[in-house]
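What follows is a single structure, written as structure tokens, with notes after it.
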Amino acid sequence: MSFLKKLPGILFCALIGGLLTLSGLPMALMFGPIVVVIIAYRFKWQLSVPKHTLTFIQLTLGTSVGLMFNQVHLGSADNLVLLLIILVICLAIQFVVSFLWFHRHIGWTKEEAMLGAVPGAMAAILALTDHTKTPPQKIVISHTIRLIVLIIMAGFIVGSDKATLTEFTLPEMTLLSSMWLLLIVALGLVSGLLLQKIHFPAPFMLTSLGSAILVQYFVSEPIAFPMLLNELSMVLIGMNIGAHFVVFPFASLIKNAFSSVQVVIINVILTVIVALSAAYLTGAPWTTLVLAWAPGSMEAMTFAAITMNVDAAFVMSNHILRMLIIQSIPSIALFYSERKQKRKRE
């Protein structure tokens with residue numbers, strides 16, 4: 001019954017997000033619900049998401065990204081190994097600088113600073129904050145501001161430099177592909193629940209992504225993923241984010257937003273420097289490298305790459321690898337930290 005009570009709010013947020021999408025606003029299905037939830041709160045209308053929403057979002061995004069894996073062409077890039085090494089270096093620089101800024105300059109706790117410093121992967125961060133019981137408001141604001149600023153900056157960074165647009169074709173849904181899709185989701189859910197039993201935090205995105213890649217590798221049938229579920233997950237992420245924005249008074253919201261903008265600008269400058277250096281070493285277009293390594297979400301940066309006609313396949317492949325790294329390392333670190341604390345208590 002509680003889901004039915006929340007359904008009108010979800011549909012209204014989806015409607016506003018859809019209308020904003022038609023107007024050409026990037027990531028409107030996420031940003032629209034954020035604004036709707038904040039405005040509705042001012043009019044005493046509480047819009048919330050159902051229980052287990054984060055699990056649904058993780059399974060949806062993990063599966064859809066995993067099914068895209070066969071459409072990226074890492075091998076088409078020259079100096080691939082060197083570029084991947086530089087990607088890891090760039091990630092490390094972004095994380096360390098952001099962590100030190102949040103922890104030492106702003107005064108966040110180590111847990112808040114670590115989760116706030118992770119470059120991108122909003123759904124994963126929401127799940128990790130839920131697992132660790134870390135107050136998520138400042139972290140969510142940081143990641144949202146980062147995403148907004150990066151989408152705005154992407155247009156200025158790319159400018160008029162155009163490359164060949166890589167086409168992404170979605171296979172048609174068939175009964176057989178639907179059966180394989182259900183198997184992927186089931187494998188991702190069951191393996192995620194098993195990892196949760198041993199207190200592995202926020203595992204469903206990793207397990208569903210791995211299940212999608214594994215099944216697709218052994219299956220010749222093209223497996224389609226319903227775009228409606230992807231769009232629904234973006235709406236739910238937006239509603240979840242908006243609920244965290246209403247917690248802060250306006251003055252505190254502005255203060256945290258300003259601090260987050262400072263971190264984003266610093267990280268973008270560092271990313272541009274690394275991208276220019278990598279472009280000099282490899283000959284790859286520096287604008288493409290900036291989008292591939294920018295500390296934003298995979299969805300936003302790939303969307304920016306597609307709409308701006310740069311190499312979307314290369315951008316997506318880098319963000320898939322980046323997501324695997326930034327989802328795995330915090331989860332593994334938290335897992336072993338909890339194991340260590342449990343042994344000390346015993």
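We number each residue from 1, following the sequence as shown.
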Separation between [atom1] of [X] and [atom2] of [Y], rounded to the nearest 0.5 Å:
| X | Y | atom1 | atom2 | value |
| --- | --- | --- | --- | --- |
| Trp180 | Ser220 | CH2 | OG | 9.0 Å |
| Leu209 | Leu67 | CG | CG | 9.0 Å |
| Ile93 | Ile86 | CD1 | CD1 | 10.0 Å |
| Thr21 | Met234 | OG1 | CE | 9.5 Å |
| Ile89 | Leu84 | CD1 | CG | 11.0 Å |
| Leu232 | Ile237 | CG | CD1 | 10.0 Å |

Is any side-chain heavy atom of [X] less than 4.5 Å from a side-chain heavy atom of [Y]?
| X | Y | result |
| --- | --- | --- |
| Tyr41 | Val37 | no |
| Leu87 | Leu83 | no |
| Asn230 | Thr60 | yes |
| Ser211 | Thr63 | no |
| Leu193 | Leu189 | yes |
| Leu236 | Ile10 | yes |

Indicate, with yes or no, if [Y] and [X] share a hydrophobic cluster defined by side-chain heavy-atom contacts under 4.5 Å among Ile, Leu, Val, Met, Phe, Trp and Tyr.
| X | Y | value |
| --- | --- | --- |
| Val235 | Leu47 | yes |
| Leu214 | Phe204 | no |
| Met179 | Val185 | no |
| Phe225 | Val219 | yes |
| Leu229 | Leu187 | yes |

Any idea which heavy atoms bring [X] and [Y] closest together, and the distance?
| X | Y | value |
| --- | --- | --- |
| Pro226 | Leu181 | CD-CD2, 3.6 Å |
| Ala278 | Leu289 | CB-CD1, 3.8 Å |
| Trp286 | Ala275 | O-CB, 3.9 Å |
| Leu61 | Ser233 | CD2-OG, 3.7 Å |
| Cys90 | Val274 | CB-CG1, 4.0 Å |
| Ser98 | Asn267 | OG-ND2, 2.6 Å |

**Parallel, tilted or perpendicular, as decided by the 30° and 60° cut-offs, for the rings of Phe95 and Phe99** =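 If you compare the ring of Phe99 with that of Phe95, the planes turn out parallel.
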
**Message:** Does the plane of the ring in Phe12 sit parallel, tilted or perpendicular to the ring in Trp45? Use 30° and 60° as the thresholds.
**Reply:**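 Because their plane-to-plane angle lies in the 30° to 60° range, the rings of Phe12 and Trp45 count as tilted.
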
**Request:** Tell me, with the steps shown, if Leu20 and Phe31 meet side chain to side chain contact (heavy atoms under 4.5 Å, CB included).
**Result:** CA-CA 9 Å; Leu20 291 174; Phe31 290 135; over 6 Å; no

**Request:** Please answer whether the main-chain N or O of Trp293 pairs with a side-chain N or O of Gln94 as donor and acceptor at a distance below 3.5 Å.
**Result:**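 Checked: pair present.
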
**Asked** Quick one: does Ser177's side chain have a donor or acceptor within less than 3.5 Å of a partner on Ile223's backbone?
**Response**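 No.
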
**Prompt:** Would you say Trp108 has more than 12 foreign heavy atoms packed within less than 6.0 Å of its CH2?
**Reply:**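 For Trp108, atom CH2 is crowded (more than 12 foreign heavy atoms under 6.0 Å).
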
